[in-house]
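Notes follow the structure.
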Amino acid sequence: MAQIAQSALAMAYMRSLDIKVSRDTLAQHLLTHEARALGDDWLSVYPGLARHGALRCRYIEDTAITYINRDVSQMINVAAGLNTFPYRHPDAARLTHYAEFDLPEMIEHKRGIIDRFAREGKIKQPLVKVDYVATDLTEDIALSFEKLGWDWSKPTIVVMEGISYYVPLASLQRVITTISGFLAPGSPVLFDYFRPEDRKTPLYQKIHQTIGLQKEPFLTFLDSAGVQALFDGSTIVSDRLITDIEKDYCPDRS
Ligand SMILES: C[S@@+](CC[C@H](N)C(=O)[O-])C[C@H]1O[C@@H](n2cnc3c(N)ncnc32)[C@H](O)[C@@H]1O
């Protein structure tokens, strides 16, 4: 069995370190000793990562909820990793359909850990049924949508958090084209990215050194024009830096 992505564990660790911002009270149960050690190594060069990792999840989640409030009731988390939204957020119960796509090893790991923690009472059963769909984003992902068999005439929220840089640009373009073919008008794609200039930062260099040289290289960097081109024909509603979003959520930073 292939090793699961350490980046997903490290980001769950960040959410567990700033629960006030992330509101992810379950992340702490999903961690390993290695995840903490990796996360601490990243934090040694960029202490702000705990808050920014927590905030990335919180902002995407809060944005998803604005669509749930508009009666969008289908949601897919693409490369969900150890995201815990359907297990803890009351608004998850308002969805009629919820799916998580990820590599088979991550899905197997997550299902195993969630089932065990549910038996031990550490984690609740999900508030909405979770359709886990093993998906490799470097391959054709249309089958993953077809397997779900949902009503694609209805809008769907698609979350792509912490994934755009881990797949080659050509694959990312294919993923967005395929997703666009299924989604009805009014469907948001919630997406984050690293910019070319971020390569110069100590954090990027540390990530590259700790996981990039081994299994999880950053492959794709985008600027605002690149995002516009990627989502050709779609409206970009918002494109903000995490340091800007932080001012909204964390008054100590404004
Ligand atoms: C940094 S983690 C992000 C996880 C989660 N979205 C979060 O924000 O915490 C990257 C995730 O992408 C998944 N991933 C990496 N390459 C992938 C691929 N080719 N196809 C599908 N998932 C992939 C990993 O398994 C991992 O769960």
Side-chain angles (χ1 to χ4, degrees), residues 1-18 21-24 26-32 35 38-39 42 49-64 75-88 98-114 130 132-145 157-176 178-179 189-194 198 203-204 206-208 210-212 214-220 242:
M1 190 70 186
Q3 206 201 356
I4 60 164
Q6 294 304 297
S7 58
L9 286 156
M11 294 318 290
Y13 179 48
M14 299 306 151
R15 295 193 284 275
S16 79
L17 289 177
D18 198 340
V21 169
S22 70
R23 296 195 178 158
D24 186 350
L26 302 180
Q28 59 189 313
H29 298 301
L30 307 175
L31 304 175
T32 58
L38 177 64
W42 293 3
L49 186 61
R51 179 174 279 181
H52 288 175
L55 189 53
R56 183 180 80 179
C57 176
R58 169 76 179 281
Y59 182 62
I60 287 182
E61 196 167 286
D62 283 356
T63 307
M75 179 165 167
I76 302 175
N77 193 325
V78 175
L82 297 173
N83 182 287
T84 60
F85 175 73
Y87 299 92
R88 67 177 155 76
Y98 177 87
E100 295 192 352
F101 294 176
D102 209 310
L103 292 170
E105 58 268 23
M106 177 56 80
I107 295 226
E108 189 180 324
H109 170 81
K110 188 171 183 184
R111 292 187 79 154
I113 206 166
I114 294 277
V130 179
Y132 292 100
V133 187
T135 305
D136 185 341
L137 298 175
T138 64
E139 295 172 1
D140 182 1
I141 68 162
L143 191 60
S144 295
F145 280 83
I157 301 159
V158 173
V159 172
M160 295 184 66
E161 178 186 352
I163 182 61
S164 70
Y165 19 96
Y166 289 113
V167 287
L169 182 59
S171 300
L172 190 60
Q173 286 165 333
R174 248 193 339 267
V175 164
I176 299 298
T178 306
I179 287 177
V189 179
L190 313 178
F191 173 94
D192 75 303
Y193 61 98
F194 270 70
D198 294 325
L203 176 62
Y204 167 75
K206 177 61 88 175
I207 293 174
H208 179 65
T210 50
I211 60 171
Q214 301 146 34
K215 289 204 68 193
E216 296 185 78
F218 273 32
L219 299 164
T220 297
I242 195 83

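Just so you know, ligand 1 is whichever comes first in the structure, and atom 1 is the first atom listed for that ligand.
Scanning both residues, Tyr13 and Gly39, for their nearest heavy atoms gives CD2-CA, 3.7 Å. The minimum heavy-atom distance between Glu105 and Ile4, with the atom names listed, is O-CG2, 3.4 Å.
Counting non-hydrogen atoms of other residues, nucleotides and ligands closer than 6.0 Å to CZ of Arg58 gives a total above 12.
Put simply, the side chain of Thr220 gets close to the backbone of Val167: a donor and an acceptor are under 3.5 Å apart. With hydrogens and angles disregarded, no donor-acceptor distance shorter than 3.5 Å links the side chain of Thr135 to the backbone of Leu137.
Between Phe194 and Tyr165, the ring planes are perpendicular. Angles over 60° get that label, and only those under 30° would be called parallel.
Sorted by chain and number, the heavy-atom contacts of ligand 1 below 4.0 Å come from Ala5, Ser7, Ala8, Met11, Arg15, Arg56, Ala79, Ala80, Gly81, Asp102, Leu103, Met106, Thr135, Asp136, Leu137, Thr138, Glu161, Gly162, Ile163, Tyr166, Val167.
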